[in-house]
Protein chains: 2
Amino acid sequence: MKRNVLIIGAGGVAHVVAHKCAQHNILLGDIHIASRTLGKCRAIIDSIKEKGSQCGPGLLKAHQIDAMDVEATKALIRATRSQIVINVGSPFLNMSVLAACIETGAAYLDTAIHEDPDKVCEAPPWYANHEWKRRDACRAAGVTAVLGVGFDPGVVNAYGRYAMDAYFDEVQSIDIIDINAGSHGRYFATNFDPEINFREFTSTVWSWEDSQWKANAMFERRQDWDLPVVGKRTAYLTGHDELHSMSKNLGVPNIRFWMGFGDHYINVFTVLKNLGLLSEKPVRTAEGLEVVPLKVVKAVLPDPASLAPTYAGKTCIGDLLKGTRHGKPHETFIYNICDHEASYEEVGSQGISYTAGVPAVAAAMLIAEGAWDVGQMVNVEELDPKPFIRLMNRIGLETRVRDADGDRVLDPYEESPAMASITS
Amino acid sequence: MKRNVLIIGAGGVAHVVAHKCAQHNILLGDIHIASRTLGKCRAIIDSIKEKGSQCGPGLLKAHQIDAMDVEATKALIRATRSQIVINVGSPFLNMSVLAACIETGAAYLDTAIHEDPDKVCEAPPWYANHEWKRRDACRAAGVTAVLGVGFDPGVVNAYGRYAMDAYFDEVQSIDIIDINAGSHGRYFATNFDPEINFREFTSTVWSWEDSQWKANAMFERRQDWDLPVVGKRTAYLTGHDELHSMSKNLGVPNIRFWMGFGDHYINVFTVLKNLGLLSEKPVRTAEGLEVVPLKVVKAVLPDPASLAPTYAGKTCIGDLLKGTRHGKPHETFIYNICDHEASYEEVGSQGISYTAGVPAVAAAMLIAEGAWDVGQMVNVEELDPKPFIRLMNRIGLETRVRDADGDRVLDPYEESPAMASITS
């Protein structure tokens, strides 16, 4: 039983995480929000109060912190008596926040892989470059660290794990497909931190094919998919966090990630990239000012949080598995549909932030009640997916399955009743 | 008889101006090049020596200067005993360099209208906002100041003046058309300082129609033109310096400026503009750095001077006049064709810089020999165009005329022999 949550970060995902934690504070205890900018933390608390999201009594408090400072982070964890830290700040912070958790014994959760500000492209598997180096330290300290527990990575890892076990003898391929069929009505915007968003697409696209890493260029491979609710959509092979752990943990020879992009997004992205404006390397202006172009692009783009009020439409994110079942070819799509307007109505965020934030809170709840408090560092596909999927069904992200038997809501315990007694 | 030239600026146009001055230093005397960055001035001198451009003996010297500093500029004019100052630095410098000329008696030449760094769009006519306020001061001091004597503005003003007088009873319209049919082979680049280039297109497009100012948006009006050598080309109504003086000085009811743009240029421009990256107003990055987006765009784009070695193709710039001659409808296109590769061969610059720089040197030569040393502030259409056109024919920019009688090189004294004796 772990109690009291410290949320690091105050962006769009942190906003959702804070609202959802507040909705479940009877289980989670005190909720603390800390970021570099105190005002942003306070704004989230104001929004929680406005929506009436807080369920039971308990602290709801804002803090200023530079989370690159391990000592300061340790001090805050101790001062707030937080036993669970949800890191939804910049991915540059992962390793320092993780260090603070290992040294204080707090459970650690994040939603994106660590990034080194100076390196856009590292060699796969990316987790091995940073996080996995602390696996032994976590085990020695008995610290639970659940890496990448947003939607993708996170839920899609659990989907892959669950569907493999429940529906297949053998899986040949997992195609993770992420389609945002929503519209924000602005000329151009990214749905989360532009700096992180663009970095995903400026480097080599790594995918796991025939049991090895294969390199492609961004927008080199495209494929059309016919998906539930959002219909026919074009998506592009993209490098993504979850491939780097799923390739190691699942034993599936082909794992790919496909992200939907409209022509307008690709055009803007291509112009900015070709001009050098997405570079993380500083340039010098004629006046002698050193500046990182990507940070200026970020400064002129809309704050992703500002898109929420006018965002309409839905997202569809899921895993398409192909393989064999009882010796015959079998195919399953396991997915979620999230509605931007419903997300805004509930917590004041658009669906991209909502789908990333809710799973992290579900994971925190499973740690709080013990089911996922495993005392070591894991990626999501290493954990039992059933309590996670069931809990998300209850707290805002419903899982559905489409296969030869039709399209239905997934209750993981109903489908595999034999397993229910183990984890529920 | 004025001698010794001080060139302010060390960009692409300054490079051409310096080469051309050196070619004609027997008339012009010592040549001094001054800019904020001494190394750029020295590089130009090295290039002149490499090409063997210098014709007679005489100084060729680099200087460091902040030309916003009027006292420093005056001191340099005096120290170098320069009687002619060719200002081809940033248009932000015009008013301070002009002040230094007025106070020292040196003749002043520039190739672009003054710009206030903080105001992208001022009310027409733009010359009245800055330069023309010093007209009385020039007259009182007997200082010759020829404003805007590049190609456009500059040569096109002389073309308008010449063609009106030589071929028409009455002119209804002058359409100035500027087509660069060359290719630099880079993803994207501007042909001169990106900061100045983009500022031309980010504000209201003013044109002179039915004897009044009319406002349009950029890329709102397009027209196809069938031109000599470069063929059929699409150009867009654009605001441009020369409209602001020609509308006042020529008595023609319609004067428009059309600039050719390819779809790729427009796409890149549109993306940058819509994102706010062409703004001259500072933004603040997440790290708290204040930075002007346009200056960052400038920093990532190729230096226009670097385009020259691979630039191929030609430019076509000219004036299409429509009106009546002997009571009948008449139409004349007076123009120049410039070849990028030939320009590079001669002076190491692409054609855009070449067409802007050569006219300024022609004007300096006409001041040196007296024909244009008028002791007051003028725009080019107020001066006799014939010696200017004839001199340019000789020094690198040949003028041609296309009308019902065919297409031919223009010798302004041959066409109007009665006038020849006055100015030659």
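The chains referred to below are lettered A, B, ... by the order of the sequence lines, with proteins before strands, and numbering in each begins at 1. All heavy atoms count here, side chains included; hydrogens, waters and symmetry mates do not.
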Exercise. Grab the two heavy atoms, one from A:Val300 and one from B:Gly276, that are nearest each other, plus how far apart they are.
Key: CG1-O, 4.0 Å

Quiz prompt | A:Val296 and B:Leu289, any side-chain heavy atoms less than 4.5 Å apart | solution = no

Check: every donor-acceptor pair under 3.5 Å linking chain B and chain A:
residue: B:Asn267; atom: OD1; partner: A:Asn267; partner atom: ND2; Å: 2.8
residue: B:Asn267; atom: ND2; partner: A:Asn267; partner atom: OD1; Å: 2.7
residue: B:Glu287; atom: OE2; partner: A:Lys295; partner atom: NZ; Å: 2.9
residue: B:Lys295; atom: NZ; partner: A:Glu287; partner atom: OE2; Å: 2.9

Exercise. Under 4.5 Å, counting heavy-atom pairs only, tell me which of B:Val271, B:Leu277, B:Val283 racks up the most with chain A.
Key: B:Val271

Practice problem: Check each atom of B:Val268 against the heavy atoms of chain A and say whether the ones under 4.5 Å are side chain, backbone, both or neither. | Solution: both

